Amino acid sequence: MAKLTYYGHATWGVETKGTAILIDPFFTGNPLTSVTPADVRADFIILTHAHGDHYGDTVAIARRSGATVISNYEIVNYCQKQGVTNGHPLHIGGGYMFPFGRVKLTIAHHGSSFPDGTYGGSPAGVVLEVEGKRLYDAGDTALFSDMSLIGQAGLDVALLPIGDNFTMGPEDAAAAAKLLRARTVIPQHYNTWPVITQDPEAFKRRVEEATESKVVVLKPGGTHTA
Ligand code: NI
Ligand code: MN
């Protein structure tokens, strides 16, 4: 069973059969976690886009651990220039079967520049297939109707931003949940800073009234087994 750990904001750990995967490893400066980049294990790091609150500690963790960075071509190339040895570039719509499972990049409507202003390619969502489970991390995005295509093959878990301001707010994220029809929805990208303050329990009620999805609200450090 794949175990998801939420580190707050949009930072996730996925453990599957002894392989440790980090998604958007933002630890330094993340007010929701006291975990540091030195504390975490990583064999692979998946990045949805280059913004600082997602790219985060990628280089420090990958240089220490030798983890392979999986992201779009521009991001992998940038990380390799920062001294990351192992990278696997994908691009939107493309997937690849890694030793732990399949990773596919999907569209996201957002931006993707690095903190220093370097172009970070197109932002992405991620579909991760591990141990027969399909997880979708929407990344940072607006609502878009093609989410129904992403949901078509069946999703066990959908990680959806609800913070508003930079991404979908709760209303659009609830509409996204309707299109995705995932078994479980977990909200992310909220309550990190005052500007993205949201009530995840209100989101849970809203989605569970309108869809058959179950909403799991995780506190930072909380886990969910898919
Ligand atoms: Ni962003
Ligand atoms: Mn963000």
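Read the numbers this way: they start at 1 and go in the same order the structure lists the ligands and their atoms. Note that the coordinates shown come from a computational prediction; the quantities given were computed from them, not determined experimentally.
In terms of modelled atom types and a separation under 3.5 Å, the side chain of D39 and the main chain of T36 share a donor-acceptor contact. Using a distance-only test at 3.5 Å, with no hydrogens or angles considered, a donor-acceptor pair links the side chain of R64 to the main chain of P37. Panel note: side chain S65, backbone I61; a donor-acceptor pair is recorded below 3.5 Å.
With the Mn ion (ligand 2) as vertex, D53 OD2 and H54 NE2 subtend 90°, rounded to 10°. Angle subtended at the Mn ion (ligand 2) by D140 OD2 and H189 NE2: 100°, rounded to 10 degrees. Geometry about the Ni ion (ligand 1) gives an angle of 100° between NE2 of H49 and NE2 of H110, rounded in steps of 10 degrees.
At a threshold of 2.8 Å, the Mn ion (ligand 2) has no backbone or side-chain N, O or S atom of H51 nearer than that distance. Put simply, D53 stays out of reach of the Ni ion (ligand 1), with no N, O or S atom under 2.8 Å from it.
Taking the six-membered ring where the residue is Trp, the centroids of H54 and F26 are separated by 6.0 Å or more. Taking the six-membered ring for Trp and the full ring otherwise, H224 and W12 have centroids separated by 6.0 Å or more.
Using modelled atom types, one finds a donor on one side chain and an acceptor on the other under 3.5 Å when comparing H49 with D140.
Nearest N/O/S atom of D140 with respect to the Ni ion (ligand 1) is recorded as OD2. For H51, the N/O/S atom at the shortest distance from the Ni ion (ligand 1) is named ND1.
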